[in-house]
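In what follows, a structure is listed as structure tokens, so that the remarks can point back to it.
The sequence lines fix the lettering, A, B, ..., with proteins before strands; numbering per chain opens at 1. Below, each value reflects all heavy atoms present in this structure, side chains not excepted, and no hydrogens, waters or symmetry copies.
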Amino acid sequence: MPAVSKGDGMRGLAVFISDIRNCKSKEAEIKRINKELANIRSKFKGDKALDGYSKKKYVCKLLFIFLLGHDIDFGHMEAVNLLSSNKYTEKQIGYLFISVLVNSNSELIRLINNAIKNDLSSRNPTFMCLALHCIANVGSREMAEAFAGEIPRILVAGDTMDSVKQSAALCLLRLYKTSPDLVLMGEWTSRVVHLLNDQHMGVVTAAISLITCLSQKNPDEFKTCVSLAVSRLSRIVSSASTDLQDYTYYFVPAPWLSCKLLRLLQCYPPPEDGAVKGRLVECLETILNKAQEPPKSKKVQHSNAKNAILFEAISLIIHYDSEPNLLVRACNQLGQFLQHRETNLRYLALESMCTLASSEFSHEAVKTHIETVINALKTERDVSVRQRAADLLYAMCDRSNAKQIVAEMLSYLETADYSIREEMVLKVAILAEKYAVDYSWYVDTILNLIRIAGDYVSEEVWYRVIQIVINRDDVQGYAAKTVFEALQAPACHENMVKVGGYILGEFGNLIAGDPRSSPLVQFNLLHSKFHLCSVPTRALLLSAYIKFINLFPETKSTIQEVLRSDSQIRNSDVELQQRAVEYLKLSSIASTDVLATVLEEMPPFPERESSILAKLKKKKGPGAVSVNELEEGKREGGELNGGGERGGDSSAISTPSPSADLLGLRAGPPVTAAAPSAGSLLVDVFSEAGSGSLASYFQFVCKNNGVLFENQLLQIGIKSEYRQNLGRMYLFYGNKTSVQFVTFTTTLNVQAKPVEPLIEGGAQVQQVINIECLTDFSDAPLLNIKFRYGGALQNLTLKLPVTINKFFQPTEMASHDFFQRWKQLSLPQQEAQKIFKANHAMDTEVLKAKLLGLGMALLENVDPNPENFVCAGVIQTKAQQVGSLLRLEPNAQAQMYRLTVRSSKDTVSKRLCELLAEQF
Amino acid sequence: MQFMLLFSRQGKLRLQKWYVPLCDKEKKKITRELVQTVLARKPKMCSFLEWRDLKIVYKRYASLYFCCAIEDQDNELITLEIIHRYVELLDKYFGSVCELDIIFNFEKAYFILDEFLLGGEAQETSKKNVLKAIEQADLLQEDAKEAETPRSVLEEIGLT
């Protein structure tokens, strides 16, 4: 037992601790503790009143026992008694016990609060600090109710001691975190902000944490802190290493305060005031310069403190994302760290570069380090560092380096740690899809993925490759050939069998001409895997077999024999048995025509966000809603194989699509998706919709539901319905991250119901907007969205896709009436005409669907030229009704359209013409 | 910072400080999980790791591991130096601190921590100021002790 070093020792306590340490076994320890507990209990219950010292000693023993991991259910009262002792030492132990062991026994809380109140008003700074520490440690709502009003006063009072101010600031911070509604700064705001100017560095250090937290929630009220923070930072950064005396840490002036100042600035956009901004840029440059200076000490503490400031400065530079020069310098600095001998620095550099990679200014600079990062992925000994390297490769990947990065990630997968394999697989799958220039590369990559890490390939991944192969007819033959080859490996992963079965069932005919892969060879190859597979895979294979019967009549008898065998038709698994029975029956009684219809090739899938991405998101941040959605989506999933099969749960070869639908917009695929448009079928899952917001606005002219906006943080979905001159729009704000969005607000230049101010990570909130069309209009309502994500203010303005055509009532009319009305609207200003080039394939069905989506009646047999389309409708506004007629003349040879609109009101003709010219 | 844990190489918890409200069961679960994770790491590995949605910063001093959980936007390196400063404070107070000092004077370790960090944020980073506050408290204890003797005598003869 060491001599008790300082203060007054409690001999009994020390003896007890020694006893416990000398216990040879857990049982002996428990026995000793129970003996002590019994002793303390009897002392507390005994007739003889205990003196303060004994009480303190026993309370302290209880605390020790609790910290060993045992439950303590008494002694609280004695601890509360100690609070009102006027001996510091007893009070202190009482407070410690309360801080560690508080429970919400209301009777006690009242007593505790009473004692705290006395100490707070005692004007004894040490007592005040003890009381404040206790509030900060417990931080319960009851305490907030009792003291949230009093503490701000203590914090800003002129005569409060510095140490008390420090405690008060952080105490308030803790209460604000638990009960923000109870902590109202109001009149104190400006005095709190001015604590940044306090002479005492400790006061500034404590106060800035409070100010940062408050600024995140109420940026406008606290925005004066920016210039104060900049000047404080500037003074620290330019001071010599010894100026700040005890606040200098290993030759680095005030590292904690510097980091906190830089952190506070990240709550705001770059300062508007030129002078302030200039001063700040100067600070950032100085910090970057200092990183290049030789170290003032060899101690790791020196470099850590210095680099802590550097990393925080880089975070600020990334947050501003507006100073290309600083961004590139930051990137170069991090590049040096990538090869540093300190593992910690390499780790942080990789992490920080990930965010730099997403800035347009530094993306290219980050890419120059690709070899180093690949090397890190291969050689780092610490899995968490390798994980960061993989993240960075993923972040720096673009079209130019995708092949290299995907190849490296694939080869790393062969030896990767189990803990990160699944995530790696998802990342490879996403990159391969996103940057696929030729789809054979995509197919190769995914099949390699299954070969290398089949166990980690989730359903979403193989669903997706099938979706893409179905939708791209130019890759189907290649896919069939490749899976056929892959299946020839003696041991191949079950996921490979699934993909192989599905693809050969659909497209086996494309390779059947080669005798080496004739129908029977294909079938025998698939069937050789059958017995090693699980029930769901076997069910899928049975579906493939029936598809074979349709594709290759010559395999019919062989396959029927297989289906008829006892192991199929009498299979104990009800799903397999049912399939076998039904497929056998189908193949024997249905005519070739019926068979061909039932077993027709799968139609293309509607375009959707990749479900793999949804999966990665889910992995990164499980938000309650999205997880439910995903699971629900799986249950609801339809069948991928269009045959006469029954989709039992285990066989659910579900389309992955609903699970991709994070927003839950299940209103069926948008009409435009019915046929693939000319562009890539792969939805660019990460596309920054920010710049495309105008495009997405036009995209809603002919449809009412869909995704209006999407970036890495937020997805906004829309569902809307219109009748006469009224409409209702549902906006769904989905948080794609794992972090809360706070102070989420939307403003519309027309009225809207307020939206929930907080969106949990992964969750989604809904806002309803009621719309009434008063008169015709051209400008869209503007929707402004603001929220905080991680401290950074996000601001977004979008055009709401409310267009005049939404208020169309279709009007059916005969040819004669149409041309009569057409002639009536013959004033030159009533007509608007546009001739434009086709942007999409000139598919009649797509055009029809779009015109119907426009809201007018599509009139058949009206125009003498059957290639042309004519439509009629009346726009309903509160003020008037505007009749409109439309004629669209496609010229397939020239790939041009001529669009003519006539309306009773000139502005309407013009507007309709503008809107429609973007649609075809 | 969300919490700080001190534990020995054998996995015995020596100090725990929670800055977010959690129930005892959850605290025990977190502790168990983290102690295991950190002890399994090799000496040359980096001091940071991702754990749930938090970042763990840890460092070993002799037989003791100091382990902090910080949030996503918090600074890892400065947290590492928070740990170091706390070690320096303990060292200065106890005079080359060892694990036993912290076991036998656990209440002091808590008091020092409260002066240095409050609510999970640095309250006072000056070594001098923190130690001054603690020594002042110790002086008060000495005073109290001196005052104790005559008073208890008075108590005994029933004069209070």
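The two residues A:Ser167 and B:Gln123 have their closest heavy-atom pair at OG-OE1, 2.6 Å. Of all heavy-atom pairs between A:Arg381 and B:Met45, the closest is O-CE, 4.2 Å. The heavy-atom pair separating B:Leu118 from A:Cys171 by the smallest distance is CD2-N, 4.5 Å. Pairing each heavy atom of B:Phe106 with each of A:Cys60, the nearest pair is CZ-O, 3.6 Å. Across all their heavy atoms, A:Leu170 and B:Ala122 have their closest contact at CD1-O, 3.7 Å. For the pair A:Thr343 and B:Cys46, the tightest heavy-atom approach, listed with the atom from each and the gap, is CG2-CB, 3.4 Å.
Within the structure, the side chain to side chain donor-acceptor pair (under 3.5 Å) test picks out no pair touching residues 169-178 of chain A (sequence neighbours left out).
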### Task
Report the C-alpha separation of B:Glu107 and A:Lys56 in whole Å, then their side-chain angles, then the decisive distance to 0.1 Å, and conclude whether the salt bridge (Lys or Arg N to Asp or Glu O under 4.0 Å) test is met.
CA-CA 12 Å; B:Glu107 79 282 10; A:Lys56 177 182 85 169; over 6 Å; no
### Message
Please evaluate residues B:Phe111 and A:Ile93 with respect to the criterion side-chain contact (heavy atoms from CB on, under 4.5 Å), reporting the C-alpha separation (whole Å), side-chain torsions for both, the decisive distance (0.1 Å), and the verdict.
### Response
CA-CA 10 Å; B:Phe111 297 147; A:Ile93 294 292; 4.1 Å; yes
### Task
Let me see the working for B:Leu13 and A:Leu67 under side-chain contact (heavy atoms from CB on, under 4.5 Å), right down to the final yes or no.
CA-CA 8 Å; B:Leu13 192 59; A:Leu67 291 170; over 6 Å; no
### Task
Walk me through it: do B:Glu124 and A:Met201 pass the test side-chain contact (heavy atoms from CB on, under 4.5 Å)?
CA-CA 8 Å; B:Glu124 176 57 85; A:Met201 291 281 273; over 6 Å; no
### Task
Go through A:Gln301 and B:Arg85 one step at a time and tell me if the side-chain contact (heavy atoms from CB on, under 4.5 Å) criterion holds.
CA-CA 10 Å; A:Gln301 283 76 26; B:Arg85 171 102 311 169; over 6 Å; no
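Heavy atoms closer than 4.5 Å to chain A are found in both the backbone and the side chain of B:Lys128. Only the side chain of A:Arg21 comes within contact range of chain B, with at least one heavy atom under 4.5 Å from a heavy atom of that chain. For B:Glu121, the parts lying under 4.5 angstrom from a heavy atom of chain A are both the backbone and the side chain. In this structure, chain A has a heavy atom under 4.5 Å from the side chain of B:Tyr110, while its backbone stays farther away. For B:Ile82, the parts lying under 4.5 angstrom from a heavy atom of chain A are both the backbone and the side chain. Proximity to chain A (any heavy atom under 4.5 Å) is restricted, for B:Lys17, to the side chain, taken from C-beta onward.
Among B:Leu15, B:Leu117, B:Ile78, the residue making the largest number of heavy-atom pairs under 4.5 Å with chain A is B:Ile78. Interface summary for chain A: among B:Gly95, B:Ala133, B:Pro21, B:Ser47, the most heavy-atom pairs under 4.5 angstrom belong to B:Ser47. Listed options A:Val385, A:Leu348, A:Leu173, A:Asn307 were ranked by heavy-atom pairs under 4.5 angstrom with chain B; first place goes to A:Leu348. Between chain B and the options A:Asp162, A:Thr205, A:Asn137, heavy-atom pairs under 4.5 Å are most frequent for A:Asn137. Your options are A:Thr126, A:Leu210, A:Leu96, and the one with the most heavy-atom pairs under 4.5 Å with chain B is A:Leu96. No other option in A:Ser209, A:Ala136, A:Ala169 has as many heavy-atom pairs under 4.5 Å with chain B as A:Ser209. For the set B:Lys42, B:Arg41, B:Lys27, the entry with the most heavy-atom pairs within less than 4.5 Å of chain A is B:Arg41. Ranking B:Arg14, B:Lys127, B:Glu76 against chain A, the residue ahead of the rest is B:Glu76, based on heavy-atom pairs under 4.5 Å. Ranked by heavy-atom pairs shorter than 4.5 Å toward chain A, the options B:Ile134, B:Ile103, B:Thr79, B:Asp74 are led by B:Ile103.
Contacts with chain A (heavy atom to heavy atom, under 4.5 Å) involve these residues of residues 51-63 of chain B, listed by number: B:Lys55, B:Lys59.
Between B:Lys44 and A:Glu342, no side-chain nitrogen of the basic residue sits less than 4.0 Å from a carboxylate oxygen of the acidic one, so the salt-bridge criterion is not met.
A:Tyr247 and B:Asn129 share a side-chain donor-acceptor pair at under 3.5 Å.
Note that CG of A:Asp246 is 8.0 Å distant from OG1 of B:Thr125, once rounded to the nearest 0.5 Å. A distance of 4.5 Å separates NE2 in A:His133 from CD in B:Glu115, rounded to the nearest 0.5 Å. How far OG of B:Ser126 is from OH of A:Tyr249: 13.0 Å, rounded to the nearest 0.5 Å.
Remark: side-chain polar atoms of B:Asn75 are not paired, donor with acceptor, to backbone N or O of A:Ile309 under 3.5 angstrom.
Applying the side-chain contact (heavy atoms from CB on, under 4.5 Å) test to A:Asn304 and every residue at least two apart in sequence or in another chain returns A:Val300, B:Leu77, B:Leu80, B:Glu81. Listed by chain and number, the residues in a ring-ring contact (aromatic ring centres under 6.0 Å, His included) with A:Phe16 amount to none (sequence neighbours excluded).
If you look at A:Tyr250 and B:His84, their ring centroids are closer than 6.0 Å.
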